[in-house]
Amino acid sequence: MSATYHVILTGGVGSRLWPLSRKSQPKQYLEIFKNDSLFELAVKRNQKFSDGLIVVGNKDNRSLSIKSLEKLQIEKYHEIVEATPRNTAPAIAFSAFQVNPDDILVVTPADHIIKADENYDKAVSKAIRLAEDGNIVTFGVKPTRPETGYGYIESEGQSVLSFREKPNLETAKEFLHRGNFLWNSGMFCFKAGVFLSELEKYEPKVYKSSKEAFEKSQEGKLDEALSMEIPSISVDYAVMERSELIKVVNAEFEWSDMGSFEAVYDYFVESGYPTDADGNMVIGCDKFTAFVGMKNSIFVNTKDAILILAKEASQDVKGVYQQLVDEKSELIQ
């Protein structure tokens, strides 16, 4: 009998959520979602589908994952600790090497917010059935607005016609109007052996070097020198955009990659978090704060940094983060 595993990918810094998100405390571990973190929410909503958990992360955030799993009282799980980030294709390959070829993997990022309802359950169940038939399944979320921060999947039923990069606003409006474009959720489902076969077919060097690094790992910890031999490539480029086995599940569940303060703002508002009469929000501060002549602004306060931004400029926070990286600032640590 084959088993189904939930693979949770924990990489990423969340630069667009600075100063809340830092290298030492990436966004997926911030307990700001009704006292849960995005990592914890992802683990909980997928427990009903899985016979086991595989956590793929890096050496810098391993302790944060362990702390979260202890909080959830999860004692048994597979752990893969990357010595250096090599993007999503190798990360998923490691998890596929961990299990039997006929086992099914439900792969999710750790830093997305998803409403765990019957629509989510229906989508995952459908993906598992498609994976059992030898398909590589991606989840496409029905768009609700012309979003420029997400990639898109052009589809016809369950068939994928094309993958599209993040569009400009005009193109995003066209995608929404055409009706057969879905947001690329970054979630996947497939048999481990099917994925590895396709990876070996299209990216043999990634397959071979990932296999060697995995086989020579010690208690799930990968060797840095062997890891550096693995080409850094996303699963979209390596497999999804090239395989002929791809199917898409048209998902109706509410989804956000929580990639910006605009997404956090919208989630907080829906959860009853307060704003003033002009839609201004304070995050991380109990002091009286007044916004004069400002609308839909966000004030973010931490012990060593303050960020003030217009909600619609949320994507630009990444530029501030990059500036601090260039300056080698301690404020990103």
Side-chain angles (χ1 to χ4, degrees), residues 3-83 85 88 91-92 94-95 98-99 105-117 120-121 124 185-187 217 219-222 253-259 261 263-264 267-268 270-273 283-286 300-304 332-333:
T4 298
Y5 290 88
H6 173 212
V7 178
I8 186 165
L9 306 178
T10 71
V13 177
S15 59
R16 288 173 293 176
L17 290 186
W18 180 90
L20 289 182
S21 185
R22 310 288 183 99
K23 286 185 176 180
S24 60
Q25 190 79 12
K27 67 173 180 175
Q28 55 267 34
Y29 300 104
L30 298 172
E31 294 182 342
I32 59 175
F33 302 92
K34 299 179 180 177
N35 296 319
D36 279 324
S37 69
L38 294 174
F39 175 93
E40 291 158 8
L41 291 173
V43 171
K44 288 199 287 188
R45 70 173 164 267
N46 289 288
Q47 282 180 311
K48 68 178 70 174
F49 306 107
S50 63
D51 301 304
L53 175 67
I54 302 174
V55 180
V56 186
N58 59 60
K59 59 184 180 182
D60 295 327
N61 65 17
R62 181 184 179 224
S63 62
L64 298 173
S65 294
I66 291 173
K67 182 180 177 182
S68 292
L69 292 168
E70 288 176 347
K71 175 184 170 183
L72 296 176
Q73 298 183 326
I74 295 175
E75 298 177 356
K76 293 184 178 180
Y77 57 92
H78 297 289
E79 183 183 35
I80 297 169
V81 184
E82 295 180 296
T88 51
I92 294 172
F94 299 141
S95 64
Q98 180 72 59
V99 299
L105 304 181
V106 178
V107 182
T108 76
D111 55 358
H112 292 180
I113 189 78
I114 291 173
K115 187 174 182 180
D117 58 12
Y120 183 75
D121 294 351
V124 175
S185 70
M187 292 173 53
S217 63
E219 297 181 341
K221 299 177 184 177
L222 301 175
F253 55 77
E254 294 181 26
W255 168 88
S256 169
D257 73 349
M258 281 294 151
F261 275 110
V264 172
Y267 175 81
F268 278 3
E270 290 176 7
S271 302
Y273 195 90
I283 298 175
C285 179
D286 294 327
V300 186
N301 182 74
T302 68
K303 63 181 181 180
D304 57 359
I332 64 171
Q333 301 302 321

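Numbering of residues begins at 1 and proceeds along the displayed sequence.
Considering every non-hydrogen atom in both Met258 and Asp111, the closest pair reads CB-O, 3.7 Å. Nearest approach of Trp255 to His112, heavy atoms of both residues: NE1-ND1, 3.1 Å. Closest non-hydrogen pair, Ser68 versus Glu40, comes out as OG-OE2, 3.3 Å. Of all heavy-atom pairs spanning Tyr273 and Ile283, the tightest one is OH-CA, 3.7 Å. When every heavy atom of Leu64 is checked against every heavy atom of Gln25, the shortest pair comes out as CD2-OE1, 3.6 Å. Summarising the geometry of Leu222 relative to Ser217, their closest heavy-atom pair is CD2-CB, 3.6 Å, with the distance given to 0.1 Å.
Considering CD1 of Ile8 and CZ of Phe39, their distance stands at 4.5 Å, rounded to 0.5 Å. If you take CD on Glu82 and CZ on Arg62, they are separated by 13.5 Å, rounding to the nearest 0.5 Å. Here the straight-line distance linking atom NZ of Lys27 with atom CG of Asp257 works out to 5.0 Å at 0.5 Å rounding.
Judged purely by atom type and a 3.5 angstrom limit, Ser50 has no side-chain atom pairing as donor or acceptor with the backbone of Leu53. Side-chain atoms of Thr10 come within 3.5 Å of backbone atoms of Val56 as a donor-acceptor pair (strictly under, hydrogens ignored).
Every residue meeting the salt bridge (Lys or Arg N to Asp or Glu O under 4.0 Å) condition with Lys44, not counting sequence neighbours, appears here in chain and number order: Asp36. Under the side-chain contact (heavy atoms from CB on, under 4.5 Å) criterion, Asn301 pairs with Cys285, Phe299, Ile306, not counting sequence neighbours. Judged as a side-chain hydrogen bond (donor to acceptor under 3.5 Å, both in side chains), and not counting sequence neighbours, the contacts of Ser65 are Tyr29.
Looking at Arg45 and Thr108, their side chains never bring a donor and an acceptor atom within 3.5 Å of each other. Side-chain contact check for Gln333 and Ser24: no donor-acceptor pair (N or O, by modelled atom type) lies under 3.5 Å.
Within a 6.0 Å radius of CG in Asn35, other residues, nucleotides and ligands contribute 12 heavy atoms or fewer.
The pair Lys71-Glu31 meets the salt-bridge criterion, since a charged nitrogen lies less than 4.0 angstrom from a carboxylate oxygen.
Of the candidates Ile114, Asn46, Val107, Ile114 is the only one forming a side-chain contact (heavy atoms from CB on, under 4.5 Å) with Met187.
Tyr5 and His78 have tilted rings, their planes meeting at an angle from 30° to 60° on a 0 to 90° scale.
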